[in-house]
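Structure record follows, encoded as structure tokens.
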Amino acid sequence: MKANQISAPWGLMSGSTARPQGDRQGMRPKDAPQTPSHEGLFAHLDLAFKRWLGWHKTFAHGVYPVEHKELTAGKPIRRLPFADELIIPLQQHKGAPAVPIVKVGQEVMRGEPIARANEVMSVPLHAPATGVIRAIGLAPTADGPKAPAIFLKVYQAASQDALLGKRCDPEQLSPEEIIQAVQEAGLVGLGGAAFPSYVKLRPQAGRSIHTLLVNGCECEPYLTCDHRIMLEQAESLIRGIRIALKAAGARRAIIGVEDNKLDAIAHLRAHLRQTDPDGPISVAAVQAKYPQGAEKMLIKALLDQEVPIGGIPADLGVAVFNVGTLAQMGELLPKGQGLIERVITVSGPAVKHPGNFLVPIGTPVRFLLERIGITGDLGEVILGGPMMGMAVASLDVPITKGVSGVVALHPEDPALAARPVYPCIHCGECVRACPVSLNPSLLGELAMARQYQAMAEQYLEQCFECGCCAFVCPANIPLTQYFRIAKSINRDAERRRAGKGSH
Amino acid sequence: MANRGIAIRTSPHLNRVLTVEQIMRGVILALLPIAGWSVWQFGLSALLLLVTTTAVSVLTEWALARAAGKGNSLRDGSVIITGILLALTLPPGFPLWMAAVAAFIGVALGKWLFGGLGYNVMNPALIGRAFVQAAFPTAITTWTPPFAPGRFVEPIPSTLTPPFMQPIPVDQWVAGLGFDGWSGATPLALQRFQHVETPVWDLFAGTVTGSAGETSALLILLCGLWLAWQRMLDWRIPVSVMAGAILSALPFWLIDPTLYPSPWFVLCAGGLMLGAWFMASDMVASPVTTWGVVIYGLLIGILTVIIRLFGGLVEGVMYAILLANALGPLISDWTQPRVYGAKQSRQGR
């Protein structure tokens, strides 16, 4: 495919009405950084110097994978045309799957709700494009088993104006109204966890949120979509932070950005200085290190506090949101619009024109890669980053709310080379890499001996599967995989015990 | 779009590209200069010793791995390290058949009894050496002079002694070479029994007598530093071994410098350097935790000094390392890191 087909927004759409109105995203960034002013230049040099000295805060341990961010960090967010058919899984968030409210054959307009929130920790879904519901059935997902989804046939010729709800001024809304609006917008954590955003904002019994941490770390290799959001959508981001501050009743917000994105730090600081110099929002540089973007690690780096075992950030009075989530909050809430598209990075050695793209939810990976172009054969396609992302079995898997990127590798990529697995040689690299200070070497030996209960006693549940231990292991032991299996076995056993107890 | 054979792996999808083979290859590379120096210093005998121990180690590994149904265990290269290390810790004129026994015992009892690479509790090379130390006490304390004339032409006579025969006394051979004042004592023995301290510079450069590969502290240090820089060795171990030795030798030396050796002497004489950089640092037999390795290293340093100053042997590194190896799992257990979010340290559990 030719490059110009990608660079032309809405390349395959007919008619100029195709561009949604009132939607700034994806257009030429207005507030992207221009040539730095003298003040900005000094701030930049100061930041760069501190980065060189390693002065920025961080957590203990962690690893430094090759970043590969230069492939896409300079690529502004662009739109892609609509795929012919969008696949919208009902479960795109942690919690109960949404319930369809449309019938097969029904015509829907872009932005119209197509599934309502189930009672438990759920959010609604909105039509990502104008079209007709072709089917409601099972579709492949990145997780493996097929899952219920709505198949939407896109009317390529239709005006793709988004159907907007009631416009409002979030400043005038009460916290409860904001939280309800956040749920109605279908907002979930766009960093990858896809946790319903409204749940984090809702004050829990006996707890109050005093600090909002805004996660701009993006520590996964290849991914740069959050970086671009901070550069191109600073205004929406800041608006979103203000909305979230009000809803949660928090006093301050700290935007934590890894120091490999100095331009984003400088840009956000300059933006805040211009608009609200004495406001509750600040920007903090943190060391570029994987997994700095993990919630618990960011809390450790910025507040020097640890979330207690079995606890949640709210126990410390903290709520953590991804920058992409808050930028969407700032964009969608005033318009009363639902979440119908997201920014993703498509990159990797097998991608011909890597970049950052605004894609409708439900776009199949196959369509993305065909549009953007691949070189050679595909060896592996990962949804998300290579450290924690999922390899897809089928290219018909759609982009969902929690997918932050697509990384494609060649079959001959060294990462895919078969490496023999050796017994643990006790080198201790995993112990020095584990960000939660587990002993993966010991846990791995227990896993091989099927001592799952003993693993639980060694705090296995604290493992959040960041992959650092397996990344550094010279014996190539699939530690993360072992722990994932052990955790699920322990949970099953727990469930069985609980089931027996209640009878 | 071609997607046949698309891989489904679990995360992480990246590896830091440093494999067990690469680590083992790195250690072998780092040992080669030391082995080269020992051949330069002691000639044909040192070369034969290296070849014998390595060959017997490899053969033993091959046979036992086959017997255990773990066919391809030579690929990791760890057994070559065992062979080279063993040769470096033996006297250069050590009879070859005894060296072969040491190599066999080291690999069979020190490694395969426990299940092969990764499962051995102690350093296999040192197990082999400990065995021959007990079995052949005379041969293992018989030293030959460095830089003997004709060392590349004919081996030291004791090298080719057939099994169960007495080697010809080394004194006779040395007398024939025309060495003046050859006492047959290593710097450690000289210091211990005659309170004659060999100049530290000679020890550092390695122009003295001793085991085949332990004489040049400088060379060992350089090779070890390269290995640490390559992240193939945990620098905390050698550093804490050296720190433990210096700190525990210092008070005695301050009390009576005529009776007790200086810390620098302790550091450079005998097998301490080789032990610290290449044997204590054996990953398999050392603790895994960050503070565990520091305690382990300090322990080796302190035990070495105690054995050297008060024990029946002039050298103590081997036993210090074997003892610390045995304590390794316990030390690991004591020094489990405090898990993120845990209020108390795990030690108190």
Problem - Test item: A/M297 and A/Y290 side chains (from C-beta on) under 4.5 Å apart, heavy atoms - result: no

Completion exercise
Turns out that what part of B/D234 lies under 4.5 Å from chain A's heavy atoms comes down to side chain

Fill in the blank from the handout: Counting heavy-atom pairs under 4.5 angstrom with chain B, the leader among A/P474, A/G467, A/A475 is A/P474

Exercise for the section: Tell me, out of B/I23, B/L233, B/L18, B/V293, who's got the most heavy-atom pairs with chain A below 4.5 Å. Expected result: B/L18

Problem - Most contacts with chain B, counted as non-hydrogen pairs under 4.5 angstrom, among A/A470, A/P435, A/P65, A/G389 - result: A/G389

Handout entry: A/H426 side chain to A/E445 side chain, donor-acceptor N/O pair below 3.5 angstrom
Key = yes

Problem - A/C424 portion near chain B, given a 4.5 angstrom heavy-atom threshold - result: backbone

Problem - Sidechain N-carboxylate O distance under 4.0 Å for A/K296, A/E306 - result: no

Exercise for the section: Please determine, among A/Q462, A/Q481, A/E429, the option with the most heavy-atom pairs under 4.5 Å with chain B. Expected result: A/E429

Handout entry: A/Y422-B/E21 side chain donor-acceptor pair, cut-off 3.5 Å
Key = yes

Practice task
For chain A, find which of B/D282, B/T289, B/T290, B/D76 contributes the most heavy-atom pairs closer than 4.5 angstrom.
Solution key: B/D76

Fill in the blank from the handout: From the list A/K300, A/R432, A/M388, A/Q305, the residue making the most non-hydrogen contacts under 4.5 Å with chain B is A/R432

Exercise for the section: Check whether more than 12 heavy atoms from other residues, nucleotides or ligands sit under 6.0 Å from atom CZ of B/R231, and answer yes or no. Expected result: no

Practice task
Measure A/P414 against the heavy atoms of chain B and call it side chain, backbone, both or neither at under 4.5 Å.
Solution key: neither

Completion exercise
Turns out that what part of A/I309 lies under 4.5 Å from chain B's heavy atoms comes down to both

Exercise for the section: Please look at A/M390 and chain B and tell me whether the side chain, the backbone, both or neither of the residue comes under 4.5 angstrom of a heavy atom of that chain. Expected result: backbone

Practice task
Output the distance between atom CD1 (A/I299) and atom OH (B/Y340), rounded to the nearest 0.5 Å.
Solution key: 5.5 Å

Exercise for the section: Identify which of A/G310, A/G385, A/P420, A/P221 forms the greatest number of heavy-atom pairs closer than 4.5 Å to chain B. Expected result: A/P420

Exercise for the section: For each of A/S441, A/P308, A/C466, tally heavy-atom pairs with chain B at distances under 4.5 Å, and name the one with the top tally. Expected result: A/P308

Handout entry: Residues A/E380 and B/R9 bridged, charged N to O under 4.0 Å
Key = yes

Handout entry: Under 3.5 Å side-chain donor-acceptor pair for B/S11 and A/R484
Key = yes

Completion exercise
So, the part of A/V431 with a heavy atom under 4.5 Å from chain B: the answer is side chain

Practice task
Could you check if a side-chain atom of A/F59 sits within less than 4.5 angstrom of a side-chain atom of A/K289, using non-hydrogen atoms only?
Solution key: yes

